[in-house]
Amino acid sequence: MIRCNGPLLLTFVVIAVGCASEPVRVASTDRPAVKLLQPHLLPKAVYNQISSAIESGANKAAQLQQIEAALCNGSSPRVSIKRTFTYSPPSTNGLPLDEANAWKISHLQGAQKFLKKEFFYYAGQSFSGASQPENMDQPLDEDQLDVVDREAYDRRNFVSSEQLLLKTYAARFLKPLFFREGGYVDMQFLFQRYTYRIPYDVITKFEKIDPTPRIKLPADNHYFGYDRDTFSPKLALGHQDFLWRWIARNSTSIAEASVENGDTRFSVEMKLDLFCRYAVTVSDLRSK
């Protein structure tokens with residue numbers, strides 16, 4: 001109980017306003033700054049675990065252990081990465097009917113290939129610039145898409161598949177790639193911190209199912225970090241980008257369904273089985 005000395009009137013006043021020796025505490029209306037989530041592909045809860053591990057101040061080895069624990073239960077994944085897209089075919093207004101039909105078929109096949117083989121690889125690339133376009137997970141608006149598609153069609157006999165990929169499919173499915181600004185920070189982090197040590201039998205199994213261009217079976221040793229059948233940290237580090245592209249392609253499944261207005265809905269999923277089994281931290285392959 002708070003006790004204040006003084007006459008009755010003073011006591012009444014004190015009861016009303018409190019003791020002079022106990023200042024009134026006013027609750028602050030300030031709120032801690034809300035931490036903005038950077039663009040990421042992993043589920044929010046997992047992304048928060050990874051972000052907290054990075055910001056914890058722990059040494060790098062401890063950070064990576066926390067991150068691996070968030071993604072994997074030993075060699076089994078705890079989570080997968082999923083995205084759903086609605087694909088709208090490009091406008092073919094004004095094109096000859098036979099070419100218009102062929103262009104739509106070709107474009108849809110290209111979209112399928114991009115999502116299956118390239119989407120998650122490009123999601124892990126780092127691009128210049130820090131700002132993000134608004135609604136980066138959404139495609140460009142119709143007018144912008146029409147300009148991109150028309151340019152690709154006009155240059156179809158002269159443009160390489162890589163340029164077509166960047167212009168047309170990235171504009172629909174990977175907006176930051178089109179703008180070349182920012183990117184998905186969780187995928188970038190994994191791509192930068194990890195490479196792979198993949199056993200020969202696993203490489204051979206996947207290469208028989210979906211061969212990598214310019215690689216012959218038994219798969220060229222050096223691409224997968226081997227030199228004369230011996231694992232080489234130097235090669236695994238030097239071909240880190242190739243290994244991530246191979247892992248992303250062979251970890252991704254795609255499902256599609258037709259929807260109204262000629263659109264197609266794609267569901268894309270990258271499982272982390274190969275990551276949990278064969279990923280190796282870059283720091284473990286460098287001398288201390």
Side-chain angles (χ1 to χ4, degrees), residues 31-83 119-132 136-137 176 181-200 202-203 223-227 230-252 269-288:
R31 296 289 184 271
V34 176
K35 180 181 176 182
L36 297 178
L37 289 179
Q38 292 179 280
H40 60 282
L41 289 182
L42 286 165
K44 181 178 177 181
V46 179
Y47 171 79
N48 285 337
Q49 287 181 269
I50 292 177
S51 181
S52 297
I54 296 172
E55 296 171 358
S56 65
N59 60 56
K60 184 175 291 186
Q63 289 180 14
L64 293 177
Q65 287 177 357
Q66 294 177 53
I67 290 167
E68 291 165 21
L71 298 174
C72 307
N73 180 16
S75 61
S76 300
R78 296 184 187 275
V79 66
S80 64
I81 310 171
K82 301 178 181 179
R83 274 293 185 274
F119 175 78
F120 287 112
Y121 166 73
Y122 279 110
Q125 302 304 299
S126 298
F127 304 103
S128 60
S131 61
Q132 299 291 347
M136 64 176 287
D137 280 328
E181 292 181 344
Y184 294 100
V185 294
D186 48 356
M187 300 299 288
Q188 290 174 0
F189 182 87
L190 296 178
F191 276 38
Q192 292 164 7
R193 296 296 195 279
Y194 292 89
T195 184
Y196 286 88
R197 182 174 184 168
I198 310 169
Y200 274 149
V202 175
I203 297 169
Y223 279 109
F224 295 91
Y226 291 91
D227 184 19
T230 301
F231 180 76
S232 165
K234 179 180 179 181
L235 292 178
L237 293 170
H239 293 146
Q240 183 178 359
D241 182 74
F242 167 83
L243 291 170
W244 265 109
R245 194 168 200 159
W246 191 90
I247 288 290
R249 170 168 62 98
N250 286 293
S251 300
T252 299
E269 179 179 15
M270 178 178 172
K271 294 185 177 180
L272 298 180
D273 299 67
L274 296 178
F275 173 84
C276 293
R277 291 174 188 166
Y278 307 120
V280 182
T281 61
V282 168
S283 58
D284 283 347
L285 299 182
R286 297 189 184 278
S287 62
K288 303 298 189 292

Acceptor/donor pairs from residues 231-239 side chains to any protein atom, 3.5 angstrom cut, sequence neighbours excluded:
residue : atom : partner : partner atom : Å
S232    : OG   : K234    : N            : 3.4
S232    : OG   : L235    : N            : 3.2
H239    : ND1  : H222    : O            : 2.6

Quiz item: Does R78 reach the main-chain N or O of C72 with its side chain, forming a donor-acceptor pair under 3.5 Å?
Solution: yes

Practice problem: Kindly indicate whether the side chain of P77, heavy atoms from C-beta on, has any atom under 4.5 Å from the side chain of F275. | Solution: no

Quiz item: Among all residues two or more places apart in sequence or in another chain, which pass the salt bridge (Lys or Arg N to Asp or Glu O under 4.0 Å) test with R245?
Solution: E118

Quiz item: Does any N or O in the side chain of S56 come within less than 3.5 Å of the main-chain N or O of A53, such that one atom is a donor and the other an acceptor?
Solution: yes

Quiz prompt | Separation between CD of Q192 and CD of Q240, rounded to the nearest 0.5 Å | solution = 8.5 Å

Quiz item: Are the aromatic ring centres of W244 and Y196 under 6.0 angstrom apart?
Solution: yes

Exercise. State whether the side chain of D186 and the backbone N or O of L41 hold a donor-acceptor pair below 3.5 Å, judged by distance alone.
Key: yes

Quiz item: Hey, what do you get for CD1 (I198) to CD1 (I203), rounding to the nearest 0.5 Å?
Solution: 5.5 Å

Practice problem: Go through the side-chain N and O atoms of D284 and T281 and say whether any donor and acceptor fall under 3.5 Å apart. | Solution: yes

Quiz item: So, do W246 and F224 have ring centers that fall under 6.0 Å from each other?
Solution: yes

Quiz item: With no hydrogens and no angle check, is any side-chain donor or acceptor of N59 less than 3.5 Å from a backbone partner on A62?
Solution: yes

Exercise. Would you give the length of the straight line joining atom CE of M187 to atom CG of L42, rounded to the nearest 0.5 angstrom?
Key: 7.0 Å

Quiz item: Does the S51 side chain pair with the main chain of Y47, one donor and one acceptor, at a distance under 3.5 Å?
Solution: no

Quiz item: Hey, is the main chain of S283 close enough, under 3.5 Å, to the side chain of K288 for a donor-acceptor pair?
Solution: yes

Quiz item: What's the spacing between Q188 CD and R193 CZ if we round to 0.5 Å?
Solution: 11.0 Å

